[in-house]
> 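Attaching a single structure in structure tokens format; questions to follow.
Below, read A as the first sequence line, B as the second, and so on, with proteins coming before strands; counting in each chain starts at 1. Scope of the values below: all heavy atoms of this structure, side chains included, with no hydrogens, waters or symmetry mates.
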Amino acid sequence: MQASPITCTIPNLSTRLLVFALNPLVLLNYLRPEPVLPELTMPSIVSIANLSKTYTSGYQALKDVSLDIQRGEILALLGPNGAGKTTLISIICGIVNATAGSVTVAGHDIVSDFRITRSMIGLVPQELTLGAFDTVWNTLCFSRGLFGKKPNPAYLERLLKDLSLWDKKDSELMSLSGGMKRRVLIGKALVHEPTVLFLDEPTAGVDVELRKDMWELVRRLRESGVTIILTTHYIEEAEAIADRVGVINHGQLLLVEDKRALMHKLGKRQLIIELQTPLSALPSALDSWALDLSAEGTHVTYTYDPHKTHTGIDELLQVIRDAGLLLKDIHTTQSSLEDIFVSLVKAKP
Amino acid sequence: MNLYAIRVIYKYEMLRAWETSLQSFASPVISTALYFVVFGSAIGTRIQHIEGVPYGTFIVPGLMMLALLTQSIANASFGIFFPKFTGTIYEVLSAPISFVEILIGYVGAAATKSLIIGAIILGTAGFFVPLEIAHPFWMLGFLLLTCISFSLFGFIIGLWANNFEKLQLIPMLVITPLVFLGGSFYSVNMLPPAWQTVSLFNPVVYLISGFRWSFFEVADVSVGVSLTMVMVFLIGCLITVWWMFKTGYRLKQ
Ligand SMILES: Nc1ncnc2c1ncn2[C@@H]1O[C@H](COP(=O)(O)OP(=O)(O)OP(=O)(O)O)[C@@H](O)[C@H]1O
Ligand SMILES: [Mg+2]
């Protein structure tokens, strides 16, 4: 764990109070229990096959993307700006037409069975798109109605209370803060009790506390059986909450993998040895070890695979001792998803 | 059928009109009343009867049409353009509703607003000039058809427009001239023969002629032709909208 520099700043009280707010425990109630259907035996809830999208501008935003999303998982889609994350989500939700390929949700095609698939899906969009003059209450009623559900004031009241928006129910949307607006959007996405939830950058522009609470909410939703797909630029976010991670760049899905397996597979570990006296160059005895000497000559870095039985550390330390170097300190670092992500995105043009 | 969805869209649109009722209802009525004052009272007293109808009365159907056309188009185009512009359209697009339901909600609301405006104008006109409606049933029929088909037309413009300028373009450059030249304030028969022929290419002529016939049994072209033309226009709009939704034109592309 690295110490976060933000831990020492104390947000003012009102922010802290607003900051959930999202009281994730209670949000559980809003989600339908998984229907016991033959669907349960199906391996994936969302199945994307050879999906491509070329916008009318001629820009190809998605290139032959295939992906299976498991029932009940949290999948994080990582990718730089313009990678195609929002495009992918928009196609599944029915906002954008695909150019080629198909998507099924619980076995139903999103085009021919759109009524079934769309009723199962909730979407929190990337932008804070809300009508300016509606009240919180009215906008939630509107969303519920759009999804063909009969009004249920008691349910709405519970949802608003748990999102800490109850006292704002008659406020105009335009008078809300950004964080509140995002909560309204979450409310709108949950108001029809979806089983698949898409969160397009749910924590963009959200303060640290709120972000942590959002993560907690996502986890709770997952525990209640909701499948969650979120996009993010924050590797930290994917690392913290996702079960699986997908990396998109230039419209291509570069990889999808279990988060731990990914880190296990690609994660290199480094042994950093601090010397008592700086070196100008490494002794020749160490030539056969692919070591890096820091610019000041005080740190020697050895990169190894921690999953091998023979890491070479023991030998290395012996050789260093034999070479007459005096050690001051030793520590290891684990490469993070971020390093993995950067190397993946850089690798492909 | 997702009836709840139709209901919330319709209600939302009506509520929007209600909250801006000064702009939605009062302003078209006031501007029509001004036409009455200028054309009906001031100029009309100098003009003799047209085809046996006092001028002030004669212009009532045309004025109603003028208001209905512009209001239907303005309301319906704005109703769909605005959510597209702000991005809130995402919700409608991602909801389990078909394009028919979207149409009924948006176009239905716009047509309702126009109907209300039409009724108010008719009531107001009664204060200024003596009015008798020869065929109330046909009058209502033309009124409904006009409101629906031009709201549909406005909806198409709203889908097509990708900026505010385009939203205004068609109503200003096409509809207003067509309506003014379509015989709102005169009978096409009063024009020189060459211009009468040109007028026959103006669809609004058929609309006003038919509508006027339902009031006074006086028409530039036969009612059957009028009705057919309105229906053709309506069907043309329906096909266009259907195609737009099917291809996702400017909406999902
Ligand atoms: N309506 C559109 N017309 C044309 N091009 C578009 C349209 N929407 C998106 N694009 C392009 O498609 C590409 C992918 O966009 P998309 O919004 O899916 O990226 P993203 O991964 O969500 O990026 P970000 O992280 O910035 O949100 C971008 O290059 C974008 O410019
Ligand atoms: Mg995006």
> If you measure from CG on A/Leu128 to OG1 on B/Thr86, what distance do you get to the nearest 0.5 Å?
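One gets 12.5 Å once the value is rounded to the nearest 0.5 Å.
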
> I need the residue from B/Gly248, B/Ser98, B/Pro83 with the largest number of non-hydrogen atom pairs under 4.5 Å to chain A.
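Going by pairs under 4.5 Å, I would pick B/Ser98.
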
> Quick one: do A/Asp134 and B/Tyr12 satisfy side chain to side chain contact (heavy atoms under 4.5 Å, CB included)? Show the steps, please.
CA-CA 9 Å; A/Asp134 309 333; B/Tyr12 183 87; 3.1 Å; yes

> Hey, is CZ on A/Phe133 packed in by over 12 heavy atoms from elsewhere, all under 6.0 Å?
no

> If I take atom CG from residue A/Leu123 and atom OG from residue B/Ser94, how far apart are they, to the nearest 0.5 angstrom?
5.5 Å

> Of the backbone (N, CA, C, O) and the side chain (C-beta and beyond), which part of B/Ile89 lies under 4.5 Å from a heavy atom of chain A, both, or neither?
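No part of B/Ile89 comes within 4.5 Å of chain A.
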
> For A/Ile110, is it the side chain, the backbone, both, or neither that has a heavy atom closer than 4.5 Å to a heavy atom of chain B?
neither

> Which answer fits A/Lys53, side chain, backbone, both or neither, if we ask what part of it has an atom under 4.5 Å from a heavy atom of chain B?
side chain

> Count the heavy atoms belonging to other residues, nucleotides or ligands that lie under 6.0 Å from CH2 of A/Trp137, then report whether that count exceeds 12.
yes

> Answer yes or no: is there a donor N or O on one side and an acceptor on the other, between the side chain of B/Arg7 and the main chain of A/Leu146, under 3.5 Å?
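No; judged by distance alone, with no hydrogens or angles, the pair does not exist.
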
> A quick test of your reading: do over 12 heavy atoms of other residues, nucleotides or ligands sit less than 6.0 Å from NZ of B/Lys11?
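Counting other residues, nucleotides and ligands, NZ of B/Lys11 stays at 12 neighbours or fewer.
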
> If you count heavy-atom pairs under 4.5 Å with chain B, which of A/Val96, A/Asn138, A/Thr117, A/Asn97 comes out on top?
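Heavy-atom pairs under 4.5 Å are most numerous for A/Asn97.
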
> Rounded to the nearest 0.5 Å, what separation is found between the CG atom of B/Asn2 and the OG atom of A/Ser119?
8.5 Å

> Which distance, rounded to the nearest 0.5 Å, do you find between the CD1 of A/Ile91 and the NZ of B/Lys252?
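A/Ile91 atom CD1 to B/Lys252 atom NZ measures 11.0 Å (nearest 0.5 Å).
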
> Can you measure from NZ (A/Lys188) to OG1 (B/Thr88) and round to the nearest 0.5 angstrom?
8.0 Å

> Measuring heavy-atom distances to chain A, does B/Glu101 have an atom under 4.5 Å in its side chain, in its backbone, in both, or in neither?
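When you check distances to chain A, only side chain atoms of B/Glu101 fall under 4.5 Å.
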
> Which pair of heavy atoms, one from A/Phe147 and one from B/Pro96, lies closest together, and at what distance?
CD2-CD, 3.2 Å

> Does B/Phe245 have more than 12 heavy atoms from other residues, nucleotides or ligands lying within 6.0 Å of its CZ?
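Atom CZ in B/Phe245 is packed in, count exceeds 12.
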
> Could you state the interatomic distance from OG (A/Ser90) to OH (B/Tyr90), rounded to the nearest 0.5 Å?
11.5 Å

> Heavy-atom distance under 4.5 Å to chain B: side chain of A/Leu130, backbone, both or neither?
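Contact with chain B: backbone only.
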
> Can you confirm whether B/Phe128 is buried at CZ, in the sense that more than 12 heavy atoms of other residues, nucleotides or ligands lie under 6.0 Å from that atom?
yes

> Does atom CD (B/Gln253) have a neighbourhood of more than 12 heavy atoms from anything else shown, all under 6.0 Å?
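Check passes, neighbour count above 12.
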
> Is there side-chain contact between B/Tyr4 and A/Lys150, with at least one heavy-atom pair below 4.5 Å?
yes

> Please determine whether the number of non-hydrogen atoms from other residues, nucleotides or ligands lying under 6.0 Å from atom CG of B/Leu34 exceeds 12.
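It does: B/Leu34 CG has more than 12 such atoms within range.
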
> Checking B/Glu91 against A/Phe142 for the side chain to side chain contact (heavy atoms under 4.5 Å, CB included) test, could you report, in this order, the C-alpha distance in whole Å, the side-chain angles of both residues, the deciding distance, and whether it holds?
CA-CA 10 Å; B/Glu91 213 182 1; A/Phe142 181 77; 3.9 Å; yes

